[in-house]
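One structure below.
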Amino acid sequence: PDAEHPPLTNASIQTFATEADRALHDERWLGIEKETMATLEANGLGSFKSIKVWKGQQIVDGAIFEYKSADALKSCMPIWKEMEAVVFPGVAVKTVAYRGVVTDIWHTDDT
């Protein structure tokens, strides 16, 4: 990463009560994903990764968001709030989010 302007990152972990809760979340997200991601990109989201986490019998998803700047992060927060109002009602889920800066990146073509 650029030492003067390291990418700002948000990593969140979502633990669902049931597989049905995850399915409802996923179905709602798919209905707004394309439009939401385009709006986030226009506001400075640089990348997004969604992962299914293997954690015993728990139903856990993860997401990693990378923003182009602090202003981009601020600009995207209201968009995420709008998304949450559509995707999460009636879904039993616990979300924990962590924000920070990227300190190291390695790619196979870096060697």
Side-chain angles (χ1 to χ4, degrees):
D2 178 351
E4 289 185 38
H5 301 92
L8 294 170
T9 301
N10 179 26
S12 68
I13 304 295
Q14 298 171 327
T15 305
F16 294 91
T18 67
E19 196 60 58
D21 286 303
R22 176 194 276 172
L24 180 57
H25 167 276
D26 290 353
E27 178 182 326
R28 289 176 177 168
W29 171 243
L30 285 175
I32 65 168
E33 179 180 18
K34 187 174 183 178
E35 179 183 326
T36 301
M37 294 309 293
T39 304
L40 289 163
E41 180 183 10
N43 281 274
L45 181 68
S47 71
F48 166 73
K49 295 174 184 73
S50 177
I51 59 175
K52 299 286 185 202
V53 178
W54 300 322
K55 191 170 182 193
Q57 297 301 311
Q58 290 185 311
I59 304 162
V60 181
D61 287 352
I64 302 170
F65 313 92
E66 201 168 89
Y67 299 91
K68 295 177 181 178
S69 69
D71 288 338
L73 176 64
K74 288 179 190 175
S75 293
C76 288
M77 294 313 291
I79 300 160
W80 286 119
K81 291 289 182 201
E82 291 173 19
M83 179 279 302
E84 290 171 0
V86 173
V87 173
F88 287 110
V91 174
V93 61
K94 178 183 176 186
T95 300
V96 179
Y98 304 94
R99 292 193 183 100
V101 295
V102 174
T103 59
D104 194 15
I105 297 174
W106 179 88
H107 295 280
T108 56
D109 37 325
D110 291 344
T111 57

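Of the inter-residue distances, the one linking Lys74 atom NZ with Asn43 atom CG reads 14.0 Å to the nearest 0.5 angstrom. Rounded to the nearest 0.5 angstrom, Thr9 OG1 and Glu66 CD are separated by 4.5 Å. One distance of note links CG of Leu8 with CG of Leu45; it measures 11.5 Å at 0.5 Å rounding. Considering CD of Glu19 and CD1 of Ile59, their distance stands at 5.0 Å, rounded to 0.5 Å. The CG atom of Leu40 sits 11.5 Å away from atom OG of Ser47, with the distance rounded to the nearest 0.5 Å. In this structure, the separation between CD1 on Ile79 and CD on Glu35 is 10.5 Å, given to the nearest 0.5 Å.
Applying the side-chain contact (heavy atoms from CB on, under 4.5 Å) test to Gln58 and every residue at least two apart in sequence or in another chain returns Thr15, Lys55, Val60. By the side-chain hydrogen bond (donor to acceptor under 3.5 Å, both in side chains) test, Lys34 is found to be paired with no residue, residues two or more places apart in sequence or in another chain being considered. The ring pair (Phe, Tyr, Trp, His ring centres under 6.0 Å) test applied to Trp80 returns Phe65, not counting sequence neighbours. In terms of the side-chain contact (heavy atoms from CB on, under 4.5 Å) criterion, residue partners of Glu84 (sequence neighbours excluded) are, by chain and number, Lys81, Phe88. Applying the side-chain hydrogen bond (donor to acceptor under 3.5 Å, both in side chains) test to Thr18 and every residue at least two apart in sequence or in another chain returns Asp21.
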Inset, instruction - Give the C-alpha distance, both sets of side-chain angles, the deciding distance and a yes or no for side chain to side chain contact (heavy atoms under 4.5 Å, CB included) between Thr39 and Glu82. - result: CA-CA 11 Å; Thr39 304; Glu82 291 173 19; over 6 Å; no
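Ile64 and Val101 fall into different hydrophobic clusters, where Ile, Leu, Val, Met, Phe, Trp and Tyr residues are linked whenever their side-chain heavy atoms come under 4.5 Å apart, directly or through other members. The cluster map of Ile, Leu, Val, Met, Phe, Trp and Tyr, joined by side-chain heavy atoms under 4.5 Å apart, puts Met37 and Leu73 in the same cluster. Residues Phe48 and Ile51 fall into different hydrophobic clusters, defined by Ile, Leu, Val, Met, Phe, Trp and Tyr side chains chained together at heavy-atom separations under 4.5 Å.
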List the atom pairs, with distances to 0.1 Å, where a side-chain N or O of residues 23-33 and a protein N or O form a donor-acceptor pair under 3.5 Å, not counting sequence neighbours.
| from | atom 1 | to | atom 2 | distance (Å) |
| --- | --- | --- | --- | --- |
| Asp26 | OD2 | Lys52 | NZ | 3.3 |
| Arg28 | NH1 | Val87 | O | 3.1 |
| Arg28 | NH1 | Pro89 | O | 2.4 |
| Arg28 | NH2 | Pro89 | O | 3.3 |

